Amino acid sequence: RPDGELPLKGLAVLVTAGPTQEPLDPVRFLTNHSTGKMGYALAEQARDLGAQVTLASGPVALDAPYGVDVVDVTTARDMFDVVTSRFSDTDITVMAAAVGDFRPVGRSGIELELTSNPDILAWAGEHKRPDQTLCGFAMETRDLEANATKKLNGKHCDMLVANNLRTPGAGFAADTNVVTVLTPGETADRPSIERWSKMGKDALAKRILVKLAAMRADGERR
Ligand code: C5P
């Protein structure tokens with residue numbers, strides 16, 4: 001299509017990606033299996049759809065995408081700082097990072113003392129203006145639709161993309177994903193639910209972004 005019709009043209013998109021690392025001493029840290037592939041695919045596709053893209057990235061082994069403003073972070077609190085400082089200038093925010101829920105605060109003997117990290121997505125949901133669009137991700141191992149519904153509502157998202165870690169072709173290091181996409185429905189306990197079949201993370205990223213753009217266009221018409 002002609003350049004002027006790019007669905008995200010003129011929009012600022014913020015993506016979070018990758019794991020966080022929570023240091024427990026100068027040598028060791030707590031982290032998770034996230035490779036950043038989903039978030040990087042979202043950033044690249046958003047760029048190709050015409051957006052100005054900021055990518056808040058935890059430590060990953062991927063190359064920085066061209067034409068994207070990459071902000072490297074280490075801890076959940078670093079990522080929180082990037083998102084909170086940029087959020088008001090953002091039209092669409094997609095949080096694909098696997099943020100550590102806890103960080104070490106001390107040690108007594110061999111016991112590790114932990115405290116909770118800020119929930120960045122929940123913060124964004126609380127501070128979202130009506131003209132802003134917020135999409136979260138969720139990895140579940142059971143009761144996917146019930147848990148994803150709770151996150152969609154509880155974190156005030158416009159879209160929640162959930163996948164089951166146990167489904168073949170879904171999850172961390174794969175190049176594909178199998179997702180269920182929830183958007184607010186008639187009532188809070190009955191969101192609209194779409195089950196998308198297995199596809200590459202690039203195709204999935206594009207489809208998510210095109211759907212978010214369509215939801216925004218819909219909202220403007222109403
Ligand atoms: O509740 P749960 O961690 O499953 O929610 C996952 C979603 O919340 C993802 O979009 C993730 O990026 C986001 N999240 C966050 N900050 C946290 C924990 C999760 O932004 N501390």
Side-chain angles (χ1 to χ4, degrees), residues 13-23 29-43 46 53-60 62 70-88 90 92-105 114-128 132-167 170-172 177 179-184 191 196 201 204-205 208-209 211-212:
V13 172
L14 173 63
V15 178
T16 71
T20 58
Q21 285 179 357
E22 307 297 335
F29 51 80
L30 300 181
T31 191
N32 59 64
H33 288 296
S34 173
T35 60
K37 279 182 188 168
M38 193 65 238
Y40 275 58
L42 284 157
V53 183
T54 302
L55 175 60
S57 175
V60 298
L62 303 171
V70 182
V71 185
D72 290 310
V73 301
T74 305
T75 66
R77 285 182 297 173
D78 294 341
M79 192 171 274
F80 181 77
D81 289 344
V82 173
V83 171
T84 54
S85 69
R86 299 191 180 224
F87 188 65
S88 65
T90 299
I92 298 176
T93 304
V94 186
M95 301 219 185
V99 181
D101 291 321
F102 309 105
R103 67 177 181 276
V105 279
L114 302 176
T115 192
S116 292
N117 274 327
D119 188 325
I120 306 166
L121 181 59
W123 182 92
E126 276 163 31
H127 292 82
K128 184 168 76 81
Q132 290 179 299
T133 306
L134 182 62
C135 173
F137 274 70
M139 284 193 158
E140 307 292 346
T141 48
R142 48 181 301 198
D143 300 331
L144 179 124
E145 287 177 13
N147 287 329
T149 300
K150 272 188 215 145
K151 285 174 195 175
L152 177 78
N153 296 328
K155 303 194 191 197
H156 306 286
C157 295
D158 300 292
M159 182 186 295
L160 194 102
V161 180
N163 66 264
N164 187 331
L165 266 181
R166 299 184 206 265
T167 302
F172 282 118
N177 209 341
V179 302
T180 299
V181 176
L182 292 86
T183 50
W196 293 359
K201 285 183 175 171
L204 174 60
I208 289 166
L209 292 162
K211 186 171 169 74
L212 289 169

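Keep in mind that the numbers below use all heavy atoms, side chains included, and drop hydrogens, waters and symmetry copies. These numbers come from a predicted model, not from an experiment. Every number for a ligand or one of its atoms is a count from 1 in the order of the listing.
- The side-chain hydrogen bond (donor to acceptor under 3.5 Å, both in side chains) search around Thr93 returns none, not counting sequence neighbours.
- Judged purely by distance below 3.5 Å, without hydrogens or angles, the side chains of Glu140 and Asn163 never pair a donor atom with an acceptor atom.
- Sorted by chain and number, the residues within 4.0 Å of ligand 1 by heavy atom are Met95, Ala97, Val99, Asp101, Pro118, Asp119, Ile120, Leu121, Gly136, Phe137, Lys151, Lys155.
- The structure places CG of Leu165 at 14.0 Å from CZ of Arg142, a figure rounded to the nearest 0.5 Å.
- Atoms CD1 and NZ, from Ile120 and Lys155 in turn, are 9.5 Å apart once rounded to the nearest 0.5 Å.
- With hydrogens and angles disregarded, no donor-acceptor distance shorter than 3.5 Å links the side chain of Asn177 to the backbone of Val179.
- Between the side chains of Tyr40 and Ser57, at least one donor N or O sits under 3.5 Å from an acceptor N or O.
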